[in-house]
2 protein chains.
Amino acid sequence: MISGKFAITLHILTLLSKAPEDFLSSDYIAGSMNMNPVLVRKEIANLKKNHIVESKEGKNGGTRLLKPAAEITLNDIFKMTFETVTFGYSKNEPNPECLVGKQINQNLGNLYDDINQKISKQLSEISLLNFADTF
Amino acid sequence: MISGKFAITLHILTLLSKAPEDFLSSDYIAGSMNMNPVLVRKEIANLKKNHIVESKEGKNGGTRLLKPAAEITLNDIFKMTFETVTFGYSKNEPNPECLVGKQINQNLGNLYDDINQKISKQLSEISLLNFADTF
DNA sequence: TCATACTGTAATAAAATAGATTACAAATTT
DNA sequence: AAATTTGTAATCTATTTTATTACAGTATGA
C-alpha cells in the first residue's frame, strides 16, 4: 500500500490553480475528490507549512495559491508528501553476522538514492501549470 | 507503507548469487534476514514463477539460481515485485461531475507511466551481479 | 451583534494491508 | 523408515491509512 498524499495534494493544487484568485473551501475540494474534508485540511496544513498556499478562516474562508502555478514544480509536491521513493526495506533488522545481512540496508539505500535523484530531476521539469493544463 | 517484497527478493537473490551451485534452504535465508521462513518461501514461489530460480524439495533441498547473476537485472526483480511505481491514487472514485475529478486518475497514470519508464531503464542497467559485488 | 460558515486540530474508530505464525501434506535423501 | 525440506492454506497480529466526530476559534455580513 502507498499513501495517497501525493495524489491528493496534487489534486488540491490543480483545483486551486484553476481559480487562483478564489479561496476554495475544504468542503468544496473534498467534494471533487469524494473524500473527507478533514483529510483535505490536513494536506492543506502541509501545503501551508511549505508556503505554497494560504488559508483564510471564517465565513467565505478557504485556501488559495500563494504563488503562480508555473512556479510550483511536481518535485516540490513530491518532496513535501514523500520523504523519498523507496522500494522498501525488510521490516526486521537483518542478521549482522551475515555478510549480506550486515550491508543490505546500506546498499539498498544507495540504490534508492540514485533512483530518487532521477525522479526528482524528472519531476522538477514539470510545473503545476504544465500538469493542470492537461485537464 | 510500502511492502518489502523488492528488498526481500533482492536479499534472497544476493544470497543465492554468492553460492550459485548450492541449494539454500528457506530457513537459512530467513536467518540472514531475520524473518519468517514461510515469507521467504512465498517470495521464492514468485521467483520460480518467473523462472529465476529452481527449488528442490526434501532433505537437503532448497533453492538456487537458474541463470547467472550477470543475466538478471534489477528491473527484472522490480517487475516481478511491483506492478509499477506510483505515488498513489486517492482511495475513492473522484467526482465525475468535476472537470478535474473526472480526469485526475488518467493524468496521474500518465505521469506515473513516464516515471516508470525512467526507473525501469535505470534498473535494467544494473545486474544482480553488479549489486551483489558491492558486498 | 449575532447567526452562519469556515478553518484548525485532537481524539477515536474503521478499513486495508503487511507480516508472522501454525499446521500439515508431499517430496527427497540417507 | 526417519529426518529434513518445500508448498501452501488458514489464521492471527501489527501497522498504516483513511474516515468520522467533535468542537473551539475566526471572519463575514445581514
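Note: hydrogens, waters and symmetry copies are ignored here, and every other heavy atom, side chains too, is used. Proteins get letters first, then strands, A, B, ... in listed order; numbering begins at 1 in each.
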Examine [N]: is either OP1 or OP2 under 4.0 Å from a nitrogen or oxygen in the side chain of [X]? Give yes or no.
| X | N | result |
| --- | --- | --- |
| B:S26 | D:dT6 | yes |
| A:N36 | D:dT21 | no |
| A:N60 | D:dA27 | no |

Can you identify which nucleotide, out of [options], has its nearest atom closest to the [X] side chain?
| X | options | value |
| --- | --- | --- |
| B:M35 | D:dT4, C:dT7, C:dA20 | C:dA20 |
| B:K56 | C:dT29, C:dT7, D:dA19 | C:dT29 |
| A:E57 | C:dA11, D:dT6, D:dT26 | D:dT26 |
| A:V38 | D:dT6, C:dT21, D:dT21 | D:dT21 |
| A:L39 | C:dA20, D:dA19, C:dT4 | D:dA19 |

For [Y], is there any backbone N or O sitting under 3.5 Å from a side-chain donor or acceptor partner on [X]?
| X | Y | result |
| --- | --- | --- |
| B:N36 | B:V38 | yes |
| B:K18 | B:A132 | yes |
| A:D76 | A:T73 | yes |
| B:N46 | B:M80 | yes |

Check the distance between [N]'s [atom2] and [X]'s [atom1] and give it to me in whole angstrom.
| X | N | atom1 | atom2 | value |
| --- | --- | --- | --- | --- |
| B:I12 | D:dT6 | CD1 | P | 11 Å |
| B:Y89 | D:dT17 | OH | C1' | 18 Å |
| A:F6 | D:dT17 | CZ | P | 16 Å |
| B:E54 | D:dT5 | CD | P | 17 Å |
| B:K49 | D:dT8 | NZ | C1' | 14 Å |
| B:R41 | C:dA23 | CZ | P | 14 Å |
| A:K42 | D:dA19 | NZ | C1' | 9 Å |
| B:E43 | D:dT6 | CD | P | 15 Å |

Report the residue (A:D27 or A:K91) whose heavy-atom-nearest nucleotide on DNA chain C is the more 5′ of the two. A:D27
Taking the six-membered ring for Trp, are A:Y89 and A:Y112 parallel (under 30°), tilted (30 to 60°) or perpendicular (over 60°)? perpendicular
Please tell me which of B:I44 and B:N92 maps to the more 5' nucleotide of DNA chain D, matching each residue to the nucleotide holding its nearest heavy atom. B:I44
